[in-house]
Amino acid sequence: MELPGFTLGVFILLLHISSVANYPNGKVAKSCHGMIPEHGHSPQSHPVHHISVNQKTFGPGDQIKVTVSGPPFKGFLLEARDAEDLSGALIGSFTLIDSELSQILTCEDVQGSAVSHRNPSKKTDIEVYWNAPSSAPNHIQFLVTVVEKYKIYWVKIPGPVISQPNVLPFTTHEATPAPLSTLPPVSHLTKSFSASDCGNKKFCITSPLNCDPEKERACIFLSFTRDDQSVMVEMSGPSKGYLSFAFSHDQWMGDDDAYVCIRDGDTVHIQASHLTGRSHPVIDSGGSLEDMAWRLTDGVMQCSFRRNISLPGFENRVDLNTSYYIFIADGAADNGRIYKHTQQPLITYETHNVTDYPKNIGGSHSSLLLKIHGALMFMAWMTTVSIGVLIARFFKPVWSKAFFFGEAPWFQVHRMLMISTSALTCIAFVLPFIYRAGWSSNAGYHPYLGCIVMTLAVLQPLLAAFRPPIHDPRRQMFNWTHWSMGTAARIIAVAAMFLGMDLPGLNLPEPRKTYAMIGFVAWHVGIEMVLEIHAYRLTRKVEILDDTRIQILQSFTAAEAEGHAFKKAVLAIYVCGNVTFLIIFLSAINQL
Ligand code: HEM
Ligand code: HEM
Ligand SMILES: *[C@@H]1O[C@H](CO)[C@@H](O)[C@H](O)[C@H]1NC(C)=O
Ligand SMILES: *[C@@H]1O[C@H](CO)[C@@H](O)[C@H](O)[C@H]1NC(C)=O
Ligand SMILES: *[C@@H]1O[C@H](CO)[C@@H](O)[C@H](O)[C@H]1NC(C)=O
């Protein structure tokens with residue numbers, strides 16, 4: 001998943017959730033303190049697993065057998081703490097009994113201060129020894145977090161309390177263990193969001209621009225409504241799996257403040273998270289968002305929440321009193337777990353201050369560099385090359401007689417169009433390299449085909465510049481080489497264009513683009529065939545005239561003139577069709 005070069009990550013949000021289940025190897029040291037698997041779901045409230053011990057009192061250096069048991073589970077994290085301060089430091093250390101199933105962790109810099117699973121296999125009980133330290137608090141309580149599967153887990157299930165001898169008995173402060181639910185209640189929205197206040201009360205980002213979530217299901221909508229010290233956020237879009245947006249200082253993914261609404265069956269989870277790099281967002285423990293609400297109807301997912309403009313207590317939440325680039329990404333989710341978006345995220349063209357004047361803006365799913373790359377390549381390999389080759393193939397006799405600047409016009413046109421093709425290719429070629437700051441290793445065969453085309457596009461005019469004179473015996477050789485390399489370049493270029501249009505970096509809308517590309521190829525081949533058949537029939541006619549030797553000169557020129565008029569008409573029609581196809585592609589790129 002990691003591409004070389006730091007800018008390879010530009011615009012790509014990889015949205016996954018890091019979690020205990022995502023650490024099937026049990027290296028969950030990150031969760032040591034809170035004991036919360038960052039799965040982003042509410043923990044279960046009624047524990048079904050329990051901890052038992054083989055003795056109730058302990059002295060320094062004692063080894064106590066601790067057992068975690070219950071219905072089959074995949075992961076766990078076991079710790080011992082001061083029973084009077086359950087969020088305090090970890091006490092003592094553990095020794096494994098079955099190192100196949102469990103492993104010791106170094107939490108809070110103390111080796112062996114916690115135990116976790118070694119692999120995600122199902123287990124029903126785990127036994128370990130706890131070693132009492134030389135100086136321990138009076139009462140120790142064991143705590144365990146158990147993950148049955150990704151969405152189903154219990155946090156900090158309280159276990160038995162063991163005490164030093166001759167101390168006052170431990171009195172529980174909590175009659176029933178309070179589950180550490182981190183997600184505040186959510187309510188259902190009763191009606192759809194609307195774009196009618198966009199630009200006067202709300203700051204809105206919409207895609208397609210100016211769409212209204214009330215009317216169009218496909219509308220991706222994000223709005224911010226400022227209200228004194230807080231901002232109300234509304235997000236709406238087709239409910240494929242998840243919808244998310246992020247505030248970013250740059251157009252690169254990483255170190256961004258992100259918000260995710262995940263569909264999970266018939267409910268929606270709303271979570272604040274942090275994008276550390278081009279990888280899984282880290283779901284925050286919660287508490288920063290208020291007034292959460294959501295709605296799922298007609299295949300549309302809507303979620304809203306309120307957050308304070310400044311959240312000093314939450315290190316990953318940015319202050320909304322400045323300008324940011326805003327990303328919107330969506331994609332699939334499965335059981336509350338989110339996957340990388342299929343399409344490039346939408347990114348605003350510039351930074352915006354969402355708490356300032358309400359505006360109504362759009363964004364782009366693609367970078368300008370890649371757009372120019374695609375556009376120039378289309379111009380070169382659909383239009384200039386096709387017309388230039390048709391001219392060299394069929395218009396030599398038509399435009400050979402009139403000379404200007406000492407060269408036949410067909411040759412001048414061919415040379416001009418082909419040099420343009422090569423020049424456009426060279427310019428367009430460097431752009432994805434600038435954008436990626438390196439090689440596009442995740443772009444399939446497209447870059448390889450592209451490099452072949454680029455090489456041929458440089459060689460072709462170079463070789464042509466050193467072509468042997470017309471009557472040189474090596475001229476035949478040149479003609480053949482020039483024809484084959486040129487034809488190969490065009491065929492490979494068509495393949496490169498087909499693949500290029502499908503790349504996520506510049507994903508033109510399906511299925512129109514495929515039809516348009518097939519249409520273009522059919523149009524080009526059709527016209528070439530018409531001209532080919534026409535040329536063949538013209539030679540036949542001339543041969544017959546030649547054979548019968550009747551008024552050779554007059555009829556020949558008449559037939560030829562008629563043929564030339566036909567060819568010119570076909571060329572004019574061809575150019576119109578070709579330019580129409582080009583415009584279709586350029587406008588599709590423009591709309592990304
Ligand atoms: C025949 C014409 C084309 C040639 C010779 C060509 C060549 C290339 C090359 C060499 C790269 C890789 C650059 C790198 O590794 O950084 C590339 C990347 C790319 N090309 Fe093309 N290309 C052509 C047409 C197109 C078209 C028509 C499109 C889209 C409509 C397109 C879209 C892309 C995209 C999106 C990338 C970036 C892939 C990524 O890194 O995400 N290309 N192209
Ligand atoms: C990307 C660059 C180029 C491509 C793809 C290309 C392609 C072609 C093709 C396919 C033909 C054969 C047409 C046919 O008979 O079917 C041709 C003919 C020709 N090209 Fe190019 N060409 C390129 C650049 C140039 C340049 C820069 C020059 C001149 C400096 C040139 C000079 C010629 C000549 C003289 C012919 C006629 C050969 C003959 O007598 O059959 N070409 N070109
Ligand atoms: C937001 O601000 C209000 C008052 O300004 C405060 O009462 C509330 O606790 C803050 N919310 C959060 C999540 O910090
Ligand atoms: C934004 O708010 C923070 C915290 O209240 C403050 O430190 C900062 O100066 C503010 N920035 C602007 C541009 O108002
Ligand atoms: C953003 O807008 C708020 C509210 O109008 C304003 O206080 C703040 O200074 C603005 N920030 C910037 C960087 O312009």
Side-chain angles (χ1 to χ4, degrees), residues 17 33-34 36 38-43 87 155 178-189 195-206 221-235 243-262 267-276 281-294 302-328 346-363:
I17 302 177
H33 181 71
I36 300 167
E38 287 161 333
H39 295 199
H41 291 271
S42 317
S87 44
V155 171
L180 280 174
S181 173
T182 51
L183 299 176
V186 276
S187 64
H188 288 263
L189 292 168
S196 58
D197 284 334
C198 286
N200 61 63
K201 289 200 194 93
K202 293 176 178 173
F203 183 101
C204 298
I205 303 171
T206 45
F221 170 87
L222 174 65
S223 80
F224 300 91
T225 316
R226 191 186 167 166
D227 162 18
D228 191 28
Q229 284 315 305
S230 67
V231 173
M232 189 72 201
V233 181
E234 297 173 335
M235 180 156 59
L243 269 176
S244 68
F245 74 94
F247 295 109
S248 178
H249 294 285
D250 48 36
Q251 294 184 305
W252 282 256
M253 178 185 175
D255 199 21
D256 306 321
D257 178 6
Y259 300 83
V260 196
C261 297
I262 310 172
T267 59
V268 174
H269 304 287
I270 304 171
Q271 292 159 341
S273 60
H274 181 64
L275 303 177
T276 48
V282 180
I283 300 291
D284 278 16
S285 47
S288 54
L289 310 184
E290 297 160 300
D291 300 348
M292 291 190 244
W294 55 268
Q302 305 201 309
C303 58
S304 66
F305 60 86
R306 175 183 298 285
R307 63 150 276 189
N308 287 356
I309 292 177
S310 280
L311 284 167
F314 298 86
E315 56 168 338
N316 294 329
R317 304 277 76 79
V318 295
D319 288 332
L320 297 186
N321 58 0
T322 41
S323 297
Y324 300 98
Y325 286 101
I326 298 162
F327 293 18
I328 304 180
L346 182 93
I347 303 176
T348 55
Y349 295 105
E350 47 189 344
T351 58
H352 291 279
N353 182 349
V354 298
T355 53
D356 214 354
Y357 305 106
K359 282 186 203 154
N360 200 357
I361 59 163

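The chain is numbered in sequence order, starting from 1. Just so you know, ligand 1 is whichever comes first in the structure, and atom 1 is the first atom listed for that ligand. The model shown is predicted, which means the values in this text are computed figures rather than measured ones.
Two rings, from H249 and Y324, have their centers less than 6.0 Å apart.
Contact residues for ligand 4 (protein heavy atom closer than 4.0 angstrom to any ligand atom): S310, D319, N321, T322.
The distance from ligand 5 to the heavy atoms of D356 drops below 4.0 Å at these ligand atoms: 2 (O), 5 (O). Less than 4.0 angstrom separates some heavy atom of R226 from each of these atoms of ligand 5: 4 (C), 5 (O). Short contacts between ligand 3 and E290, defined as distances under 4.0 Å to a heavy atom of the residue, involve ligand atoms 11 (N).
Side-chain contact, T355 with N353: a donor N or O sits under 3.5 Å from an acceptor N or O.
With contacts defined as side-chain heavy-atom distances shorter than 4.5 Å, the pair F327/L346 does not qualify.
By the side chain to side chain donor-acceptor pair (under 3.5 Å) test, Y325 is found to be paired with no residue, residues two or more places apart in sequence or in another chain being considered. For K359, the salt bridge (Lys or Arg N to Asp or Glu O under 4.0 Å) criterion is met by no residue, not counting sequence neighbours.
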Compile the donor-acceptor pairs under 3.5 Å between side chains in residues 311-318 and protein atoms, sequence neighbours left out, one pair per line.
unit_1, atom_1, unit_2, atom_2, d
R317, NE, D257, OD1, 2.8
R317, NE, Y259, OH, 3.2
R317, NH1, D284, OD2, 2.4
R317, NH2, D257, OD1, 2.6
R317, NH2, S273, O, 2.6

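With rounding to the nearest 0.5 angstrom, the CG atom of L222 is 11.0 Å from the NZ atom of K202.
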